[in-house]
Each structure stands twice: as structure tokens, then as C-alpha cells.
Amino acid sequence: MAHWRLSLTFSLSLLLGLFAAASSRAAPALETVTIQLKWLHQFQFAGYYAAQDQGYYRAAGLDVKLLEARPGHDSLQAVMQGEAQYGIGNTALLAARARGLPVVVLASLYQHSAAALLVRRDAGGKPHLGPNSRIMLAPNNEELALFLRKHGVPTESLLPVAHNFSYDDLLDGRVDAMSIYTTEAPYILEHSSLGYQILSPRSQGDDFYGDVLYTTESELRDHPQRAAALRAATLRGWAYAMQHPDELVDLIRARYPQRHSREHLLYEAQHIVPLLAQDSIELGYSDPLRWQAIASSYMAQGMLPEDFKLDGFLYQPEQQQGWRRHLPVLLPVLVLLLIAALLWRLRHRLLPAHQPSHDELPLNDTATPPDSSSAAPPATAATTTSNGVHADAVSQRTLQDAGADALLLLDPDGKIRAANPRAQQLLAQAMPPAGQLCWPALRADGSPYDASNHPLQLALVTAAPVTDAIIGLPTPSGSVLWLLANIEPVADDRRAVSALAVSLRAAPAAARAASPANTAATPSGPPHAGASTPSPNSAPQAPADH
């Protein structure tokens with residue numbers, strides 16, 4: 001019996017050992033990488049904590065470490081020197097690239113920057129900031145340096161003080177100004193008796209990107225799949241964090257109890273939402289035109305060479321990630337599918353509610369429709385041959401009519417993603433502003449559309465189709481191009497509107513005359529879940545202008 005037990009024990013041990021060995025071979029070791037943060041642990045980096053906690057990094061084969069910033073330590077240099085493979089930066093990366101540093105932006109997470117200057121007021125109640133003022137700027141804060149230059153205060157005239165991540169020096173009068181984030185400074189200063197003013201570049205018209213995830217050219221060259229996996233997992237983490245802010249606040253409090261209070265973190269979370277702009281822009285999207293405009297702002301102040309190019313500065317996922325490299329081929333296919341969907345809707349709108357007999361079949365546009373009193377019953381599955389011929393005829397006429405349509409695909413911010421030749425001709429005549437969703441347009445009565453009743457805005461806000469909307473586009477010659485518009489919202493996998501498919505054709509004069517004088521285009525069909533259809537007397541809740 002003892003010998004039998006010993007054999008059984010040995011066999012079980014051997015099997016467990018073999019199983020463990022097989023498991024270790026089946027589950028390769030995670031790759032360890034480090035992300036250098038640009039500040040102390042707080043909700044500002046919630047997406048990275050979420051990607052760790054939810055296992056998104058592990059699922060991507062990564063063991064990700066987050067390296068907190070340290071006073072007097074340049075976070076950019078930490079990435080350049082290999083202490084971290086990835087970092088969190090801002091538009092100062094443009095200047096770094098111009099200096100020859102091989103930085104590459106992986107994802108522009110904060111579509112708007114929260115960076116600002118906190119300035120003490122003097123005895124007369126005016127902000128004290130001028131030559132010889134003592135200023136505490138965090139490293140790599142070129143956007144605030146640009147802001148100061150534009151307002152006649154070059155940074156060379158100021159007395160720099162190393163940033164210690166504390167408000168005490170300003171509260172106690174040891175410095176006159178310091179760089180801060182608007183997502184937390186008002187909360188900290190709420191109970192302070194200090195007279196201060198917050199000067200924000202964005203309030204003065206300089207809308208920079210905020211926190212961006214970046215890496216180096218060597219990391220992308222040597223580990224392209226790792227970079228793509230880390231980017232994708234990080235975006236998942238941010239999506240989760242903003243859907244579960246309370247959960248992330250508790251996580252941060254548990255990990256870093258010495259940092260901020262729960263109320264402080266909740267304040268941060270609330271004010272980070274508009275910076276991400278997820279309601280209108282794809283999370284992490286980097287717009288090359290916007291980055292070029294920001295670079296031009298730096299050039300205008302002599303902070304970038306005039307021949308600076310963005311070449312290689314912005315990561316292109318479609319060149320790095322599997323099927324996305326075929327996007328140039330897939331996009332026209334997608335546009336064709338959207339056009340087919342529009343034609344399908346047009347066909348079913350134009351099909352009559354009853355089916356006339358073969359003798360009453362209207363085969364041309366001048367035929368008079370039969371009297372409704374003699375209408376045949378609705379067609380059933382056993383449709384007659386004549387009905388089949390009629391359906392084909394109507395379908396052919398619909399396709400012929402739709403062939404003259406201008407078809408285009410718009411991003412939620414108004415950027416034209418694709419357009420057929422007819423649409424290009426119309427847009428060349430009217431020249432609507434690029435990057436503006438609510439084109440300057442007239443209603444049927446000649447009054448201008450505004451944001452509360454513009455057909456494009458209605459389709460975006462309600463996520464419901466807008467049909468037969470009369471739009472008058474002023475032309476450079478002073479005339480008006482009258483169009484009949486049908487607008488279809490296109491939802492992404494999260495059921496958010498990611499594009500608008502627009503069909504335009506010349507509006508008949510009779511349609512303009514018959515249109516009610518003060519009635520906006522009305523969405524048809526059920527609204528998107530969670531969205532309310534605006535009434536004629538109330539403006540829809542358009543995405544906030546962040």
C-alpha cells in the first residue's frame with residue numbers, strides 16, 4: 001500500500017511538472033517596457049492605470065511600468081537616454097524634433113491642452129508678470145513660452161526658477177508665476193486667499209494638443225508590433241477610464257494614497273472629459289493639418305525653422321498594423337457601400353405604397369399616377385409578374401436619378417473624407433469652409449441656418465437621418481446654389497456617429513416654394529439611444545466647443 005501511494009504521488013508530481021513546463025512554453029514571458037509620465041501620479045494618467053488594471057497591456061504581451069516625473073528631471077531626456085521606451089509629452093515635441101531628437105507622436109490623447117500660467121496679482125489687483133518676474137516653468141513647456149512671446153514677455157527677460165511641482169512657492173510669494181494645469185489648479189486654489197489670474201493660451205486662440213503618447217524612431221524601427229500593441233492597449237485603457245471615472249479614482253487612491261483626495265481626483269476627471277473630446281474626435285487621433293498649424297505658430301515666433309517638416313513625426317497606424325496598411329484600397333470600397341445604402345434608402349422612399357396594374361404602369365416621369373381609390377392591395381410574397389416589372393422599372397429610374405447625386409462622406413468635424421466627382425463639382429462652386437460642419441447655408445425662405453437647425457448638425461446630434469432638407473449654398477458670384485440633401489449618420493462599433501454620408505442634388509423650385517417658411521429640416525427615423533430629437537423651438541445639445 002505504501003509503495004502504491006509513493007508511486008501515485010510520484011506520478012502526480014511528474015504530471016504537474018510536465019503541465020507546468022507546457023504552460024510556461026505556451027505563455028511566453030511578457031515584454032517589459034516603461035512609460036515616462038510628465039507629472040506626478042493623478043487622474044491625468046487614468047488611461048494608463050486602467051490599461052494596467054484591466055489587463056489590456058498583459059493581453060498585448062506587455063508588462064508596462066509607469067515612471068513618475070521627478071522635480072528637476074527632464075522627462076524627455078529619460079526617453080532619449082533609454083530609461084523609458086515611451087513618454088507623455090506635448091507640442092514641445094515639435095521643437096525637440098527640430099533639434100534633431102528622433103521623437104514620434106504615437107497618439108494625440110488630449111485634443112486640447114490644459115497648460116496655463118498661474119500669475120500672482122500685485123497690490124493693485126493686476127497680474128504681475130513682466131521683465132525680471134520670477135517664473136516657475138515645468139520642462140518642455142514651449143507652448144507657454146510661445147504664449148509669453150506673443151504677449152510681449154520673452155522668456156529671456158524672466159528669472160527662471162526650477163519647478164518643484166508645488167503651489168507653495170507661489171502662495172508664499174517666492175515666485176510671481178508658475179505653469180499649471182487647468183484641470184486641477186482651480187480646485188487647489190479654491191480656498192486660498194491669494195489674488196491670482198490664470199492665463200491660458202487656448203483662451204487667446206492658441207489651441208494646442210495636450211498630453212500625447214510618443215516614442216522614438218528606433219523603438220518603431222526595432223519593435224513595430226510592440227509599439228502598435230502598446231498604443232492600442234493604451235487607447236482601450238483611456239476609453240475604459242472615461243467610462244468608469246469613479247472606479248479609476250478609487251484605483252488611484254488605492255495605489256497612491258499619499259497623492260490627492262477623492263474629491264480632487266473627481267474634479268480632475270470631470271475637467272479632463274472635454275480635453276479628450278471623445279464625443280467628436282476619434283480617441284488619440286492626430287490631425288496632420290492641425291499639427292502643421294501648431295508648427296506654423298511656433299515658426300511665427302522664431303521657435304521653429306521655417307523649413308520644418310512633419311515628415312516622420314506622426315505615427316501612421318495604417319502603415320504598421322496588419323490590415324490597416326490596405327486602408328487606401330478599403331476606403332473606396334467603404335464609400336461604395338455607403339453610396340449603395342443611400343441608393344437603397346432612396347429607392348424605398350420612392351416606391352409607391354401600392355402596386356398598380358400592368359396597364360397603369362408609369363414608365364416615364366410624365367406619366368400620371370393612378371387614382372388611389374383603385375389601388376391594388378399591397379404586394380405579398382406571391383408578387384405578380386407585372387408587379388415585378390414595375391419594381392424593376394422604378395428601381396432603374398431611381399438608380400438613373402441617383403446617378404446625378406453628389407455623394408460625400410464627412411467626419412463629425414466637417415472634414416471631407418471622400419467625395420464623388422459630382423460632389424467635387426458642387427463643392428467647387430459653393431466652396432464651403434473646410435473643417436466646418438455647419439456650412440454657411442440658407443433655409444428655403446432665405447434665412448440662414450444656425451447650429452440649432454442646420455441639417456448636418458441635426459444628423460450628428462440626433463444620430464438620425466435627415467431627409468429632403470433644402471440647403472442654399474452661397475457662391476462667390478453672389479448667387480445661391482439650392483440643393484436637396486439627404487444625410488445618413490454612420491455609427492462606429494460603439495454606436496457613436498463617426499461620419500455623415502450626404503447625398504446632394506439640385507432642389508426643384510417647387511420644393512423650395514412649398515417648404516414651410518420657418519421650419520428646420522426634420523430628422524426621420526428613431527433617434528440614437530440616449531439622444532433626444534430637438535423640437536422646432538429648442539436647440540439640440542451640440543457638442544461643446546472645448
Side-chain angles (χ1 to χ4, degrees), residues 38-39 69 71-77 80 89-101 103 110 112-182 185 189 194-212 290-310 313:
K38 60 184 291 194
W39 202 251
H73 183 69
D74 189 335
S75 298
L76 176 59
Q77 287 304 314
M80 292 298 99
N90 53 30
T91 58
L93 293 170
L94 289 166
R97 181 86 181 185
R99 295 196 304 270
L101 299 182
V103 291
Y110 284 32
H112 308 287
S113 175
L117 282 173
L118 179 64
V119 184
R120 287 179 61 92
R121 292 184 182 274
D122 60 21
K126 296 182 179 179
H128 178 62
L129 186 62
N132 298 320
S133 291
R134 299 157 299 172
I135 188 167
M136 196 159 61
L137 286 178
N140 306 307
N141 236 317
E142 273 77 356
E143 65 186 83
L144 293 181
L146 182 149
F147 173 72
L148 289 167
R149 282 174 180 266
K150 290 183 67 173
H151 290 78
V153 187
T155 51
E156 304 87 65
S157 69
L158 301 171
L159 302 177
V161 178
H163 209 303
N164 59 12
F165 299 3
S166 171
Y167 289 78
D168 292 341
D169 282 358
L170 187 117
L171 294 173
D172 296 337
R174 291 188 289 273
V175 296
D176 302 304
M178 65 181 291
S179 58
I180 52 97
Y181 252 37
T182 56
L189 298 168
L194 173 70
Y196 68 89
Q197 183 171 351
I198 293 178
L199 303 178
S200 165
R202 189 176 172 207
S203 67
Q204 302 298 319
D206 288 319
D207 192 5
F208 298 100
Y209 280 111
D211 287 14
V212 301
R290 188 173 169 208
W291 271 103
Q292 187 60 60
I294 294 170
S296 297
S297 297
Y298 281 116
M299 292 178 196
Q301 296 300 319
M303 298 173 67
L304 276 182
E306 293 189 1
D307 60 350
F308 176 80
K309 303 295 183 184
L310 289 178
F313 178 69

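Because the structure is predicted, anything quoted here is derived from the model rather than measured.
- Enclosure of atom CD in Glu306 is not indicated, since only 12 or fewer non-hydrogen atoms of other residues, nucleotides or ligands lie within 6.0 angstrom.
- Between Trp39 and Asp211, every side-chain heavy-atom pair lies at or beyond the 4.5 Å cut-off.
- Taken from CD1 in Ile294 to CE in Met299, the straight-line distance is 12.0 Å, to the nearest 0.5 Å.
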Trace of the side-chain contact (heavy atoms from CB on, under 4.5 Å) decision for Met178 with Asp169 = CA-CA 9 Å; Met178 65 181 291; Asp169 282 358; over 6 Å; no

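- Here the CG atom belonging to Leu304 is positioned 10.0 Å from the CZ atom belonging to Arg99, to the nearest 0.5 angstrom.
- The two residues Arg97 and Val103 make their nearest non-hydrogen contact at NH1-O, 3.0 Å.
- The OG1 atom of Thr91 lies 4.5 Å from the CD atom of Glu143; values are rounded to the nearest 0.5 Å.
- Counting heavy atoms from C-beta on, the side chains of Leu199 and Leu144 never come closer than 4.5 Å.
- Note: Leu118 CG to Leu129 CG = 11.0 Å, rounded to the nearest 0.5 Å.
- Here CE of Met80 is found 11.5 Å from OG of Ser75. Values are rounded to the nearest 0.5 Å.
- Side-chain atoms of Tyr167 and Ile180, non-hydrogen and from C-beta on, do get closer than 4.5 Å to each other.
- The closest side-chain donor-acceptor pair between Asp74 and Asn140 falls under 3.5 angstrom.
- Taking 4.5 Å as the limit, some side-chain heavy atom of Ile135 sits within range of a side-chain heavy atom of Leu117.
- One distance of note links CZ of Arg174 with CG of Asn164; it measures 8.0 Å at 0.5 Å rounding.
- Arg149 places a side-chain heavy atom less than 4.5 Å from the side chain of Glu156.
- Minimum interatomic distance between Lys38 and Gly89 (heavy atoms only, all atoms of both residues): NZ-O, 3.9 Å.
- Minimum heavy-atom separation, Ala138 to Ser179: N-OG, 3.0 Å.
- Between Ser113 and Asn90, every side-chain heavy-atom pair lies at or beyond the 4.5 Å cut-off.
- For the salt bridge (Lys or Arg N to Asp or Glu O under 4.0 Å) test, no residue two or more places apart in sequence or in another chain qualifies with Arg120.
- Using a 4.0 Å cut-off between charged side-chain N and carboxylate O, Lys150 and Asp206 make a salt bridge.
- With contacts defined as side-chain heavy-atom distances shorter than 4.5 Å, the pair Phe147/Val153 does not qualify.
- Nearest heavy atoms, Met303 versus Ala145: CE-CB, 4.0 Å.
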For the pair Leu94 and Phe208, evaluate side-chain contact (heavy atoms from CB on, under 4.5 Å) and give the outcome as yes or no after the intermediate values.
-> CA-CA 12 Å; Leu94 289 166; Phe208 298 100; over 6 Å; no

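- In this pair, Tyr181 and Tyr110 present their aromatic rings tilted. The plane angle is within the 30 to 60° band.
- Both tests pass for Arg290 against the ring of Tyr209: distance under 6.0 Å to the centre and angle within 45° of the axis.
- Between Leu171 and Leu189 there is a side-chain heavy-atom pair separated by less than 4.5 Å.
- The two residues Asn141 and Ala115 have their closest heavy-atom pair at OD1-CB, 4.4 Å.
- A pairwise comparison of heavy atoms in Ala116 and Ile198 identifies CB-CG2, 3.8 Å as the closest pair.
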